Amino acid sequence: MKKMLVAIIALIMCVPVFSQQPEETHHRGQREEGRPPHQRGGRPHGRERDGLRVLSEYKGTLVDFTYNEEKAYNGFTLSAEGKNTEVRFAPHLAKEIMGATKKGGNVTVMGFKRSGKDGAEVIVLNSITSGSKTVYEHRPDRDGRPKEEFTKADGKVTALAKDKEGRVNGVYLDKSLVRFAPHVAFQLGDKLSVGKAITITGYVRGNREGEVFVENTKVIMAQTLAVDGTTYAVR
């Protein structure tokens, strides 16, 4: 009888322990909460994806084409209901879009809005229709990648190139744009000021299929950069 009483007491003492165990959940979102984004879902990736975006229709007049810091066309200004909005597309779509549309023409854009680098809203293009012609957003041709040509150039810095965050990531030398990572510009500091004479070696970035440029700007990916008597390896 005494042994039975001890067993019952032991069993009662164990009950709270079991009741405090967290209930296992099969909800993926709860199970992954607190994990780094790149580890969620068991499939690592380099950046967060936008996920689903609702597409809307925008009708208006194509005012003029716009371009990026490499002087490659990557958008246009859309005038609709007395308001101008910037429309953005991937540079490899420029040839198709510019061939299907014209300045001053009426177009219908399917896309979604997001904030641009200056905080203003821009429309990200999914398709554009002008008359009977429609151009859809698509990936670039990976098979026809241009070959890179090694080159050497020197001259004075005519302007600084900056990325979307406003960080210097290159310099202009006459009709050449020399590219390098923002941390390179940070390390060089005032040595990259306008008017400074530099010499660089690197590879000329060939034009990708479908790109259209404002002018014949040569884009050079720097490998070495010499300024003020010192030559640096650009990494």
Side-chain angles (χ1 to χ4, degrees), residues 37 41 43 45-148 159 161-167 169-170 172 175-177 179 204-221:
R43 184 181 299 176
H45 52 78
R47 60 182 177 86
E48 282 293 287
R49 299 187 181 276
D50 289 336
L52 295 176
R53 291 294 189 110
V54 177
L55 296 178
S56 300
E57 183 179 85
Y58 305 92
K59 292 185 176 182
T61 303
L62 194 160
V63 178
D64 201 1
F65 289 98
T66 56
Y67 50 87
N68 60 21
E69 66 274 7
E70 293 184 355
K71 301 295 180 68
Y73 287 107
N74 71 334
F76 57 87
T77 302
L78 181 71
S79 177
E81 300 179 351
K83 178 183 177 182
N84 286 348
T85 306
E86 294 302 312
V87 179
R88 292 284 180 265
F89 54 77
H92 69 271
L93 299 174
K95 187 175 181 179
E96 289 182 77
I97 291 176
M98 296 178 80
T101 62
K102 62 180 180 179
K103 297 178 184 179
N106 295 325
V107 296
T108 299
V109 175
M110 290 294 293
F112 61 88
K113 286 187 176 181
R114 73 178 182 194
S115 296
K117 62 181 180 180
D118 56 357
E121 279 191 330
V122 300
I123 299 171
V124 180
L125 181 145
N126 180 263
S127 69
I128 182 171
T129 300
S130 176
S132 61
K133 298 179 180 178
T134 299
V135 177
Y136 295 93
E137 192 276 335
H138 60 80
R139 294 181 178 180
D141 181 11
R142 297 295 184 184
D143 297 328
R145 291 184 178 180
K147 294 182 179 180
E148 295 181 331
K162 297 182 180 180
D163 62 14
K164 295 180 179 180
E165 284 71 41
R167 301 172 300 180
N169 66 349
Y172 288 95
K175 289 186 177 295
S176 296
L177 169 58
R179 284 296 214 181
V204 178
R205 189 192 76 108
N207 294 350
R208 300 182 181 95
E209 182 66 29
E211 288 183 324
V212 179
F213 288 82
V214 180
E215 55 189 39
N216 188 23
T217 300
K218 182 189 295 185
V219 181
I220 304 171
M221 313 306 291

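Only a predicted model underlies this, so the values are computations on that prediction, with no experimental measurement involved.
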Is any side-chain heavy atom of Val109 closer than 4.5 Å to one of Asn126? no
Taking C-beta and beyond as the side chain, do Lys103 and Met98 meet within less than 4.5 Å on heavy atoms? no
Can you tell me how far OG1 of Thr61 sits from CG of Asn106, rounded to the nearest 0.5 angstrom? 4.5 Å
Could you tell me whether the side chain of Leu93 reaches within less than 4.5 Å of the side chain of Tyr136, counting heavy atoms only? no
Does a sphere of radius 6.0 Å around OH in Tyr67 hold more than 12 heavy atoms from other residues, nucleotides or ligands, not counting ones at 6.0 Å or beyond? no
Drop me the distance from Asn74's CG to Leu125's CG, to the nearest 0.5 angstrom. 11.5 Å
Please determine whether side chain to side chain donor-acceptor pair (under 3.5 Å) holds for the pair Glu121 and Ser115, giving the CA-CA distance in whole Å, both sets of side-chain angles, and the decisive distance to 0.1 Å. CA-CA 4 Å; Glu121 279 191 330; Ser115 296; over 6 Å; no
So do the side chains of Val219 and Val204 get within less than 4.5 Å of each other, counting heavy atoms only? no
One thing to verify: whether Arg179 and Glu69 come together as a salt bridge, which I'm taking to mean a side-chain N less than 4.0 angstrom from a carboxylate O. yes
Donor + acceptor pair across side chains of Glu137, Ser127 (<3.5 Å): no
With Thr129, which residues qualify under side-chain hydrogen bond (donor to acceptor under 3.5 Å, both in side chains), at least two apart? Thr134
Measure the spacing between CD1 of Ile128 and CD1 of Ile97 and express it to the nearest 0.5 Å. 5.5 Å
Is there a side-chain contact between Arg88 and Ile123 in this structure, where contact means two heavy atoms from C-beta onward sitting under 4.5 Å apart? no
Grab the two heavy atoms, one from Phe76 and one from Thr66, that are nearest each other, plus how far apart they are. N-OG1, 3.4 Å
I'd like to know whether NZ of Lys95 has more than 12 heavy-atom contacts from other residues, nucleotides or ligands below 6.0 angstrom. no
Strictly below 4.0 Å, N to O, side chains only: are Lys83 and Glu81 in salt-bridge contact? no
In this structure, are over 12 heavy atoms from other groups packed under 6.0 Å from Lys113 atom NZ? yes
Using a 4.5 Å cut-off on heavy atoms from C-beta on, say whether the side chain of Val122 contacts that of Val87. no
Going from OG1 on Thr101 to CG on Leu62, what distance comes out if it is rounded to the nearest 0.5 angstrom? 5.0 Å
Atom OH of Tyr73 and atom CD of Glu211: how far apart are they, to the nearest 0.5 Å? 13.0 Å
What's the spacing between Phe65 CZ and Phe89 CZ if we round to 0.5 Å? 6.0 Å
